[in-house]
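Throughout, protein chains are lettered first and strands after them, A, B, ... in sequence-line order, and every chain is numbered starting at 1.
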Amino acid sequence: MAPVIEFDGLEVRFGPRAVLKNLRGQLQGRCIGLLGPNGSGKSTLLNTLLGFYQPAQGTARVFGKDIGEHSRELRGLIGYMPESDAFISNLTGVRFVRYMAELSGLPSTHALERAHEALFYVGLGEVRYRKVGTYSLGMKQLAKLAQAIAHGPRLLFLDEPTNGLDPPARNRMIQLIREIRDAGNMHVVISSHLLRDVDECCDEVIILRDGHIAGICNLEEERRMNRKFLELETRGEDNSFADAVQQLGCECALFGKGRMKVVLPESIEIRELYQIAARKDVQIRRMNYRRDSLEDIFLKAMEEVGARNGSL
Amino acid sequence: MAVYKRSYKPYEGAVTPDRWRFLVLTRYGFYGFFDSRLFTSAFVLSFIPFLVSFAIIYLAHNATIRAMLQMRGPSIDINNYFFLAFLGTASWVSFLLIAWQGPLLISGDLANNALPLVLGRPISRTEYVLGKFLVIFSLLSVATWIPGLVLFSLQAGLEGHGWIWSHLWLAGAIVIAAWMWIVIAALLTLAASAWLKWRIAASASMFAFFFIGPAFGAAVNTILGTNWGHLFDVLYSVKLIWVSLFRVPLPDAMAMQMLGIPTSAAWTAVLVTCGIAILLLNRRLKAREVVR
């Protein structure tokens, strides 16, 4: 599958401070999650892909087109829903969405038709003749989504799409994103620090930390592998237990304070772990079957980068 | 897709030419202006100077109607002074209109962070400014140089005898003088609109610009005993250029106190003002094109 977004040593600076540092990698999912703690560079990355910031070094390509050379063309292919409030308060919903669609290149009549459709689609059909300034927060989020999809972009950037939404509105938004993902040929990039949102929609994630790529993970592949593992909590462990488990043929990861994850091959039984623990005088206080969740992937990426940077 | 089918479908239709897409901004700018009934009424009223001038030209060439209206005394001369007076009045009336509604042009986009939505599309910052500029340019054109040329044509038609050829320079003066005024007014309006969210504050700042400049210039002239303080008064520079364009004779120009600085210096002052307005606009829009 052709990559949707490629990073080729992308670096963005605000004055002397590097905000995105030497990003390299490819993203090819239908719905890509952009994860990272606050201030990790998620919004900066989206703004750079939109051409608002010029790379100090390297570049990125969207659908194979360089963001520096084809910035204008790419903006026509992208729909953008920013994180904060973004609307023109004295326009009605339908005029606002139509205006944005026309700016993206749709002829006036088509833009009007698409504006009605997009507003009905996101659930604002009944209030489309009300001024956007009178909408509630949830309605404004939906109006932002409507203006982002009205012109039929190939790539949709959603920056914190569920920000400030109550649970029913959040569910509606997630449902819409999934429908959009499954409906056409549109790719979606969701920037969020809410793992649950990303987990429910995305098939690939890129994790940023301090402007670096902390990890790129194909969630779909992970889910397909459906790999179960054992989560152990031990007492008296001094790495000899983990070494012995690994010698047995298991994959083993330690997380400190006696916590570890063990991927058990089918040929090995749990009883053998207890036997090793007894030999090594290690108490197994807790043992659960689990699957790798997005939270685990995220935390692991954060810890790996932290260890690499020497900050943890 | 039909509105009742709530499923997403990509757009596969035609798109408008990329080059002229900024005109969408102009069109929606007009919608915004004429949404206000007050503005629409005021815009209609701004044609009063034109209608009055039209009537004066007609009366000046029609002795029968003058007699019917019992108008005695010599008729008004339709000359460069007449067109200068018309343009001055029309420009001020149209400026009042723009000072009231113009600040909404950009501040409306900045107030709730709509600018990133606009500039996140295939529209550059320059095209954005050009689109908004054309709103003001078109409105002021309709109120100033276009009626000015209509009056010129009327006068030429009624006067006959080759008047148009001997006064063709007057048509050029009307166009150049009006365009210069429109460019200054439009750029100042857009700069005020970009920097001040409140319409009243933005409108007030535009008037203040024309009052503070002369006051500062007068202070400089008094303290330094020079005439170069007039450079801080853009309105003075505009008047000076107009007097030069409309070929007002030297004694009359002196009577109008329009000989303080050379015309070239006045042009420079106008260009510097426009340059500063463009810099201010660029700085503000660049800072606000992403949501922070």
Side-chain angles (χ1 to χ4, degrees), chain A residues 43-44 47 50-53 71-76 78-91 95-96 99-108 110 113-114 116-121 123 125 132-133 144 147-154 157 159 176 179-180 183-186, chain B residues 1-29 31-33 35-36 104-128 131 197 199 285-292:
Chain A
S43 295
T44 305
N47 284 324
L50 277 167
F52 288 140
Y53 300 131
S71 167
R72 195 178 173 95
E73 189 184 342
L74 285 174
R75 285 179 183 194
I78 295 173
Y80 174 46
M81 176 184 172
E83 178 184 358
S84 317
D85 268 353
F87 56 90
I88 301 172
S89 59
N90 61 348
L91 293 186
R95 187 174 273 187
F96 170 61
Y99 179 30
M100 293 299 148
E102 281 192 58
L103 285 175
S104 292
L106 269 64
S108 189
H110 290 205
E113 193 184 330
R114 293 281 300 188
H116 282 288
E117 288 168 1
L119 285 165
F120 267 98
Y121 179 61
V132 182
K144 277 197 294 181
Q147 64 79 30
I149 62 171
H151 59 289
R154 281 184 64 197
F157 286 167
D159 199 351
L176 279 170
E179 278 176 28
I180 291 167
N185 61 350
M186 194 195 296
Chain B
M1 70 183 169
V3 290
Y4 60 85
K5 289 179 189 167
R6 293 190 182 183
S7 61
Y8 178 79
K9 283 201 177 153
Y11 176 73
E12 284 159 357
V15 292
T16 52
D18 197 38
R19 195 185 302 174
W20 303 109
R21 206 166 290 161
F22 67 91
L23 292 175
V24 173
L25 293 159
T26 309
R27 188 150 46 81
Y28 277 83
Y31 285 151
F33 274 23
D35 258 358
S36 158
L104 288 178
L105 273 176
I106 294 182
S107 65
D109 290 349
L110 295 181
N112 294 296
N113 299 316
L115 195 62
L117 296 183
V118 175
L119 297 180
R121 291 177 154 75
I123 295 282
S124 69
R125 217 179 306 135
T126 311
E127 285 172 319
Y128 177 79
K197 275 187 185 177
R199 176 164 69 179
L285 295 182
K286 196 174 180 183
R288 296 291 298 270
E289 71 185 357
V290 292
V291 180
R292 294 189 192 279

Tell me, please, which residues at least two apart from B:D109 pass salt bridge (Lys or Arg N to Asp or Glu O under 4.0 Å). B:K132
Output all residues satisfying salt bridge (Lys or Arg N to Asp or Glu O under 4.0 Å) with B:R125, sequence neighbours left out; order by chain, then residue number. B:E289
Between A:R72 and B:E127, does any side-chain N to carboxylate O distance fall below 4.0 Å? yes
Using the ring of B:Y11 (Phe, Tyr or Trp, six-membered ring only), decide whether A:R114 places NZ or CZ under 6.0 Å from its centre and within 45 degrees of its axis. no
Residues from residues 19-29 of chain B approaching chain A under 4.5 Å (heavy atoms): B:R21, B:V24, B:L25, B:R27, B:Y28
As an exercise, state the distance from OG1 of B:T16 to NE2 of A:H110, rounded to the nearest 0.5 Å. 11.0 Å
Between CG on residue B:N112 and OG on residue A:S89, distance to nearest 0.5 Å: 5.0 Å
Using a cut-off of under 4.5 Å for heavy-atom pairs, which of A:G152, A:S104, A:G76 has the most such pairs with chain B? A:S104
Distance col, row A:Q147:CD vs B:L117:CG, nearest 0.5 angstrom, shows 4.5 Å
Contacting moiety of B:D18, where chain A heavy atoms sit under 4.5 Å: both
Residues forming a salt bridge (Lys or Arg N to Asp or Glu O under 4.0 Å) with A:R154, sequence neighbours excluded: none
Please report the shortest heavy-atom distance between A:I88 and B:G108, naming the atom on each side. CG2-O, 4.3 Å
